[in-house]
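What follows is a single structure, written as structure tokens, with notes after it.
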Amino acid sequence: MSLESFLILLLVGAVVGWLAGQLTKGSGFGLLGNIVVGVVGAILGGFLFRALGFYPGGGLLTTFITALVGALVLVFVVRLIKRS
């Protein structure tokens, strides 16, 4: 992975994590937390879409949407666990 790809991954992860925090009526998770939520959400989203038979393309928009869906699911599950 090149430095440029790694920086893009971190930037998209931060934006997706922040947006997931905002959409779930939160206030975000801090910069590092947003990056972690975004990157893990991207992995989870890709897994979920493939498990459901959806194969999103490799464009930036579809990658962003996949990561956002995964991050939203991740935040939802983490909040369910924290309430228990």
Side-chain angles (χ1 to χ4, degrees):
M1 175 181 276
S2 69
L3 178 60
E4 181 180 349
S5 298
F6 182 69
L7 293 175
I8 290 172
L9 173 73
L10 293 179
L11 179 65
V12 170
V15 171
V16 167
W18 173 82
L19 189 56
Q22 297 300 312
L23 292 175
T24 57
K25 298 184 182 182
S27 59
F29 308 100
L31 180 60
L32 185 60
N34 286 341
I35 291 171
V36 170
V37 168
V39 171
V40 172
I43 295 167
L44 179 62
F47 174 76
L48 289 174
F49 278 146
R50 282 190 302 274
L52 294 172
F54 297 114
Y55 298 97
L60 184 60
L61 181 61
T62 56
T63 301
F64 186 83
I65 292 170
T66 302
L68 181 59
V69 169
L72 289 171
V73 169
L74 177 66
V75 170
F76 178 74
V77 169
V78 167
R79 288 194 176 160
L80 279 178
I81 292 170
K82 283 179 104 174
R83 287 184 184 167
S84 297

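In what follows, residues are counted from 1 in the order of the sequence shown.
By the rule that hydrophobic residues join a cluster once side-chain heavy atoms approach within less than 4.5 Å of another member, V37 and L32 end up as members of separate clusters. Under a hydrophobic clustering in which Ile, Leu, Val, Met, Phe, Trp and Tyr are joined whenever their side-chain heavy atoms come within less than 4.5 Å, directly or via other members, V69 and V75 fall into different clusters. In the hydrophobic cluster analysis, where Ile, Leu, Val, Met, Phe, Trp and Tyr join through side-chain heavy atoms closer than 4.5 angstrom, L44 is grouped apart from F54. Note on F64: it does not cluster hydrophobically with L7, by side-chain heavy-atom contacts below 4.5 Å among ILVMFWY residues. Grouping the Ile, Leu, Val, Met, Phe, Trp and Tyr side chains by contacts below 4.5 angstrom, directly or via other members, places L72 apart from L61.
Between L74 and G41 the shortest heavy-atom distance is CD2-N, 4.3 Å. Minimum heavy-atom separation, F29 to N34: N-OD1, 3.1 Å. Among all heavy-atom pairs drawn from T66 and G45, the shortest one is CG2-C, 3.4 Å. Nearest heavy atoms, A71 versus V16: CB-CG1, 3.8 Å.
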Problem set entry | Candidate pair V12 and T63, rule side chain to side chain contact (heavy atoms under 4.5 Å, CB included), full reasoning | CA-CA 9 Å; V12 170; T63 301; 5.6 Å; no
Problem set entry | Intermediate values then yes/no, side chain to side chain contact (heavy atoms under 4.5 Å, CB included), F49 and T62 | CA-CA 11 Å; F49 278 146; T62 56; over 6 Å; no
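With respect to I35, the side chain to side chain contact (heavy atoms under 4.5 Å, CB included) criterion is satisfied by exactly one of L9, L11, L10: L10.
Here CD1 of I43 is found 12.0 Å from CZ of F47. Values are rounded to the nearest 0.5 Å.
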